[in-house]
2 protein chains.
Amino acid sequence: MTYSSKTKQSDISLSNCGYSKVLDIISNKWTVLVIYAMENGKIRYGEMLRRVEGISKKMLTQTVRKLERDGLVQRHIIPTVPPSVEYSLTPLGETLLQPMKELRQWGRVNYTQVVEARANYDFAYTTTEEKFRL
Amino acid sequence: MTYSSKTKQSDISLSNCGYSKVLDIISNKWTVLVIYAMENGKIRYGEMLRRVEGISKKMLTQTVRKLERDGLVQRHIIPTVPPSVEYSLTPLGETLLQPMKELRQWGRVNYTQVVEARANYDFAYTTTEEKFRL
DNA sequence: CAGCATCCGCCACGATACTG
DNA sequence: CAGTATCGTGGCGGATGCTG
């Protein structure tokens with residue numbers, strides 16, 4: 001969705017690869033964090049705004065609407081004054097939690113190695129002139 | 001990487017959440033597809049270009065360089081004329097394959113439900129006037 | 001064959017202000 | 001409290017052309 005889907009048929013295309021379909025859903029800045037905020041059950045709009053550091057009201061609304069459209073999130077409006085709204089994962093949304101947690105686990109375990117690899121790479125491709133400044 | 005990392009500390013921030021760290025690596029248009037292309041072992045540049053439908057040379061090079069920098073991919077230059085280059089996953093890169101496959105599996109199993117949910121949502125929020133045209 | 005250089009359009013995202 | 005409306009922008013990604 002994020003990108004135009006004008007791709008022809010092939011063995012690995014954006015249209016028929018399962019990866020792409022998932023990316024179509026979760027590959028943007030805030031989606032996974034918002035889902036993450038709901039992993040323990042119902043949560044109110046304002047509470048999410050506080051828990052997901054750095055997100056703006058605009059992006060939170062936009063993200064949560066998209067997830068609702070995708071059938072991953074439910075929206076419960078509680079008619080009080082002022083109104084409050086609770087969000088939670090649907091059963092379908094819950095099923096996404098498991099694979100996501102494994103990815104998170106991978107990140108926790110391996111990210112330091114990635115950071116090291118980057119440092120090595122950057123050092124190796126640094127000009128000798130720049131190296132002398134260290 | 002895709003986005004600026006100017007976020008303060010919090011319980012869910014871009015900097016300390018495992019999800020974000022993984023997204024930092026795989027969340028862009030082509031990365032997962034390129035990794036996918038290497039899941040069965042060595043593969044040459046031109047072969048990837050053909051297998052990953054729709055990717056341009058620029059983006060393939062860019063993606064593969066980033067993965068190399070992250071320590072997930074190895075580059076083997078074979079000194080022939082004209083030169084050929086083989087790419088393959090590193091041991092670290094291989095470890096990412098498992099969680100990625102589960103995500104792909106999730107996509108295969110559940111994507112149709114997502115598509116249905118979207119159709120329902122769009123229909124529900126279509127104006128009655130537009131509905132009459134159906 | 002396997003790239004790199006350049007130019008450019010587009011849209012995801014951020015900031016700000018207003019509302020029921 | 002939980003949103004909408006509007007405007008501005010950075011940089012991702014596409015297209016094209018050139019090299020060793």
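Protein chains get the first letters and strands the later ones, always in sequence-line order, with residue 1 at the start of each.
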Between [X] ([atom1]) and [N] ([atom2]), how many Å, whole number?
| X | N | atom1 | atom2 | result |
| --- | --- | --- | --- | --- |
| L60(B) | dA2(C) | CG | P | 10 Å |
| N28(A) | dC12(D) | CG | C1' | 14 Å |
| Q62(B) | dA15(D) | CD | P | 15 Å |
| Y125(B) | dT4(D) | OH | P | 10 Å |
| L49(A) | dG14(C) | CG | C1' | 14 Å |
| I77(B) | dG20(D) | CD1 | P | 16 Å |
| K66(B) | dC4(C) | NZ | P | 16 Å |
| E68(B) | dA2(C) | CD | P | 15 Å |

For residues 70-86 of chain A, pull every pair meeting salt bridge (Lys or Arg N to Asp or Glu O under 4.0 Å), keeping only residues two or more places apart or in separate chains.
->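 Those involving residues 70-86 of chain A are K42(A)-E86(A), K66(A)-D70(A), D70(A)-R118(B).
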
Summary of ring pair (Phe, Tyr, Trp, His ring centres under 6.0 Å) pairs that have at least one residue in residues 65-121 of chain B, sequence neighbours excluded |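 Only Y121(B)-Y125(B) qualify under ring pair (Phe, Tyr, Trp, His ring centres under 6.0 Å).
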
List in chain and number order the residues that pass salt bridge (Lys or Arg N to Asp or Glu O under 4.0 Å) with [X], two or more places apart in sequence or in another chain; answer none if no residue qualifies.
| X | answer |
| --- | --- |
| R44(B) | none |
| E94(B) | none |
| E68(A) | R65(A) |

Along DNA chain D (nearest heavy atom to each residue), the more 5'-positioned of M59(B) and K58(A) |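 It is K58(A) whose nearest nucleotide is closer to the 5' end.
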
For S84(A), which residues count as a side-chain hydrogen bond (donor to acceptor under 3.5 Å, both in side chains) partner, sequence neighbours excluded?
->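 Counting only residues at least two positions away or on another chain, S84(A) forms no side-chain hydrogen bond (donor to acceptor under 3.5 Å, both in side chains).
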
Any residue meeting side-chain hydrogen bond (donor to acceptor under 3.5 Å, both in side chains) with Y45(A), in chain and number order, not counting sequence neighbours =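 Y45(A) satisfies side-chain hydrogen bond (donor to acceptor under 3.5 Å, both in side chains) with T61(A) only.
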
Check whether any side-chain heavy atom of I26(A) sits under 4.5 Å from a side-chain heavy atom of L96(A), and report yes or no.
->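 I26(A) vs L96(A): side chains touch.
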
Check nucleotides 1-3 of chain D against the protein and report each pair of N or O atoms closer than 3.5 Å, with its distance, or say if there are none.
unit_1	atom_1	unit_2	atom_2	d
dC1(D)	O3'	R44(A)	NH2	3.2
dA2(D)	OP1	R44(A)	NE	3.2
dA2(D)	OP1	R44(A)	NH2	3.2
dA2(D)	OP1	V85(A)	N	3.2
dA2(D)	OP2	G46(A)	N	2.7
dG3(D)	OP1	R65(A)	NH2	3.2
dG3(D)	OP1	R75(A)	NH2	2.7
dG3(D)	OP2	Y87(A)	OH	2.7
dG3(D)	N7	K57(A)	NZ	3.3
dG3(D)	O6	K57(A)	NZ	2.8

To 10°, what angle do the rotation axes through the five end pairs on each side of the helix from dC1(C)-dG20(D) to dG20(C)-dC1(D) form?
->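 Axis angle across the helix from dC1(C)-dG20(D) to dG20(C)-dC1(D), nearest 10°: 50°.
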
Residues Y36(A) and R104(A): side-chain donor-acceptor under 3.5 angstrom =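 Yes, a side-chain donor-acceptor pair sits under 3.5 Å.
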
